[in-house]
Enquirer: 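Take this structure, written in structure tokens, and hold onto it; I'll ask about it next.
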Amino acid sequence: MRYPPKALHGPLVKAAKYSSSPNLTMKNWRGKSTTYIVPLGFHNSRSFLVRIAIGTLLPNTFTIMQFFHSPFIASNTSSPTIISGSPSSSFGNSTLNLALTNFSSIISSGAILPTTFIPLTIFISSESIKEAKQLHSLSLKTGTFNLSPVSSRLVSLYTSQPINDLIYARSVFDTIQSPSLPLWNMMIKCYVENHRSHDAIRLFCDMLTEFPPDNFTLPCVVKGCSRLCAVEEGKQIHGFSTKLGFGFDKFVQSSLVSFYSKCGLLDCARKVFDKMGEKDLVTWNSLIDGYARSGDVETARKLFDEIPRRDSYSWTALLHGFSKSGKIEAARDVFDKMPTKNLVSWNAMINGYMRSGDFESACELFNTMPERNLITWNSIIAGYEVYGRFEEALSMFLRMLQEEEDDFIKPNNATFTSLISAVAASAILSTGKWVHSYMVKNGMAIDGVIGTLLIEMYSKCGSIESALTVFTSIHRKKLGHWNSVIVGLGMHGMADEALELFKKMQESGIKPNTVTFVGLLNAFSHVGYVKEAHLYFDFMVKKYGIEREIEHYGCLVDVLCRTGRLQEAKTVIEEMKIRPNKVILMSLLRGARMFVDTEIGEYAAHRLKELAPECYVALSNMYAAAGKWEKVSEVRETMKKKGIKKEAGWSLIERKGVIHRFIVGDRSHPQSEEIYAKLKEMREKLKAAGHVADTRQVLLRIEDEKEKEAELELHSERLAIAYGLINNNNDKSPIRVVKNLTVCNDCHSVTKFLSRIYQRDIIVRDNSRFHHFRDGLCSCNDFW
DNA sequence: GTAGGGTTAG
């Protein structure tokens, strides 16, 4: 039977917005919307429902009922009756629930047999997954689920925009024995729109055994290919579509232009474009965007001038092209000249400024723009994060929560990606915990990239326990999660645990990659496991077939240097196929400084000089340790000449959301007096415990040992620890200190003593790793 | 019965 049944002329309208118009004809019935309304109070609508109910009218879908204020159907009648009410566009859940209850009770009362009820076309404006699930379970309860019209309608309901739940959609789809072509198309589209293009293409391949693709299928899969940059697959589909006779289909060809543009194959894009008979604006825009993206702004501009008619898309594409290729003034010029600016163009301009590091101009636009959306906020937050301005990233996030509370702008994965990275870099555990709990409270899924980032964040904030908790809670652990936790354990000097997890990871069937080995080798180097480092350095190539990269060499050299095997490290550097980088040579120099080997130190410094100014500091430290004071002054002279300054050391400690930052000999803190009193107490207790100051690393030439000791005593981390001991004395939680430089020998040994004397765990993050001090020992085994 | 291609964040 065809839609609409003849008897139903007139009274049927297609959507709420038309419901007030009295003269709608059957054309509307076949309109685009899947939601139809039977206007209440119309005499024919009753007969419509009765006919459906008694089965003389057989709609073939499980369409859904759209309700008005008053309940649609009375439960105590043998056939549905209509209660008139005024149409309204707002439908509360309670109305829906009442109606669903009514349906269920009609069925269970036996008033209508399920068989006659089944084909009943119910119209509902389903806006939420909850409603969809109610219908789903209703169909299961009544046994109508297995009827293909019903299950088909459910798939399209689950894939429809407000719901868009592809897991439910797919599970229903899989129960349908032979899905129709439109249903395949819907499912494929749903995957592409949810950034699951791999699955879309897989499904497309399955489909090919049943149907040849049509003009609906092809643009979808082509879009999937461009999302994935799957050039070969896209080309195959191009050939295929030509064979099938879609060579002149406007939409198919246009999607191909977009595909080639996005993948940077401008020549191919141009070929398709030139062959197209009628080019519409969308196709022009795709091509302009393609040229702009590839950096060929000249051609983009030329094309832009050729377009017969412009709207704001073309302008924004051009603007984006300029800003992406660093021509920010040209972008601004386009922005200023645009006849009409929309939110997207504002966002593109703001993003351009943020990328170029012009925060002022970005903020100026941000503050004056007429409206903002999630992308606006995300651009700003991400921009701050990328430029290392973590506090600003965080405060923008807080501002977003505050200002957009009522506007339904909620942070999403993109927001948290930037935010978590910012928190990880600033290493404030309490902020990290707050962000995490915010996410949990707001129902964000902790998996995928977000899970990886959270593990990394907790590791970097010094709480490996929380990192492990997050890791354990992730159900489907992927390679990234394993890598992240292995790297984290390494950072905390927990090489044995890292190794154990590495084994578990393989047991669970996940193959390690190059990052996994960086994590492992790094873990070994942090605790001085030379044997293991050699072993896995070998394994990764021989057993796992993974090529060594500069980072792997870096870790091996590092562990050799930390354990005093300087000659061996030098040999590795000389024999490696890759050119040694700054990190590797710095390792060698630091090793030379620690084991006072000036010959190797000079070798490293010689190769380093062109690369890194900070090597001078390490070099002068080495000479100081060797007592070669002439050399120290020589290096310091050079530093002065070249204008190189030693990075000022600082340490910070957080308490109740406030960050306290100390520098050497700092007396600016309000609690300074107490801190210095504590330092005095510490000095006495240290002496009593048998600590002897290690003055080798005092950079300045101070002859008097007493003075040297005094200099060490005022190192910023000691001030921070003293502050921690004073203020966090009641609870026994660890004292967490973040430091921008590497901990010096003497502070390391002092902190070990302090952890025993005061029976407090002290966790220090320096510029490369964590030290967990407990009861007189450090997790790094004194290799750092 | 789908409603298809283009611009901004990650």
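Chain A is the first sequence line, chain B the second, and so forth, proteins listed ahead of strands; every chain is numbered from 1.
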Enquirer: Between A:R270 and A:Y260, does any side-chain donor sit less than 3.5 Å from a side-chain acceptor?
Expert: no

Enquirer: Below the 4.0 Å mark, does B:dT7 have OP1 or OP2 next to a side-chain nitrogen or oxygen of A:H320?
Expert: no

Enquirer: Going by heavy atoms in the side chains, are A:T452 and A:K478 under 4.5 Å from each other?
Expert: no

Enquirer: Report yes if at least one side-chain N or O of A:K223 is closer than 4.0 Å to OP1 or OP2 of B:dG5; otherwise report no.
Expert: yes

Enquirer: Scan A:S379 against the nucleic acid and name what it touches under 4.0 Å (heavy atoms): base, sugar-phosphate only, or nothing.
Expert: sugar-phosphate

Enquirer: For a quick check of understanding: with a heavy-atom distance under 4.0 Å over all strands, which category does A:K262 fall into, base, sugar-phosphate or nothing?
Expert: sugar-phosphate

Enquirer: Among all residues two or more places apart in sequence or in another chain, which pass the side chain to side chain contact (heavy atoms under 4.5 Å, CB included) test with A:T242?
Expert: A:H238

Enquirer: Write down the distance between CD (A:E371) and P (B:dT8), rounded to a whole number of angstrom.
Expert: 18 Å

Enquirer: Given A:P411, which partner from the list A:N442, A:L419, A:L401 fulfils the side-chain contact (heavy atoms from CB on, under 4.5 Å) test?
Expert: A:L401

Enquirer: From OH of A:Y387 over to P of B:dA9, roughly how many Å is that when rounded to an integer?
Expert: 14 Å

Enquirer: So what does A:S180 hit on the nucleic acid, given a heavy-atom distance under 4.0 Å: a base, only sugar-phosphate, or nothing?
Expert: base

Enquirer: Examine the side chains of A:T415 and A:N412 and answer whether a donor and an acceptor come within less than 3.5 Å of each other.
Expert: yes

Enquirer: Are A:R301 and A:Y291 close enough that a side-chain donor and a side-chain acceptor fall under 3.5 Å?
Expert: no

Enquirer: Scan A:N185 against the nucleic acid and name what it touches under 4.0 Å (heavy atoms): base, sugar-phosphate only, or nothing.
Expert: base

Enquirer: Whether A:R355 contacts B:dG10 is assessed here as follows: a side-chain N or O lying under 4.0 Å from the phosphate OP1 or OP2. Is that the case?
Expert: yes

Enquirer: Which part of the nucleic acid does A:R293 contact within heavy-atom distance under 4.0 Å: base, sugar-phosphate only, or nothing?
Expert: sugar-phosphate

Enquirer: Between the side-chain atoms of A:S255 and the base atoms of B:dG5, is any donor-acceptor pair under 3.5 Å?
Expert: no

Enquirer: With heavy atoms under 4.0 Å as the rule, sort A:N412 into base, sugar-phosphate or nothing.
Expert: base

Enquirer: Within 45 degrees of the axis of the six-membered ring of A:F259 and under 6.0 Å from its centre: does A:K223 put its NZ or CZ there?
Expert: no

Enquirer: Heavy atoms within less than 4.0 Å of DNA chain B: which residues of residues 227-252 of chain A have one? Give them sorted by number.
Expert: A:F251

Enquirer: Between A:N285 and B:dT7, does any side-chain N or O lie under 4.0 Å from OP1 or OP2?
Expert: no

Enquirer: Which part of the nucleic acid, if any, lies within contact of A:N342, taking any heavy atom under 4.0 Å across all strands shown: a base, the sugar-phosphate backbone alone, or nothing?
Expert: nothing

Enquirer: More 5' along DNA chain B: A:H195 or A:Y313, using each one's nearest nucleotide?
Expert: A:Y313

Enquirer: Is the shortest side-chain N/O distance from A:S258 to OP1 or OP2 of B:dG6 below 4.0 Å?
Expert: yes

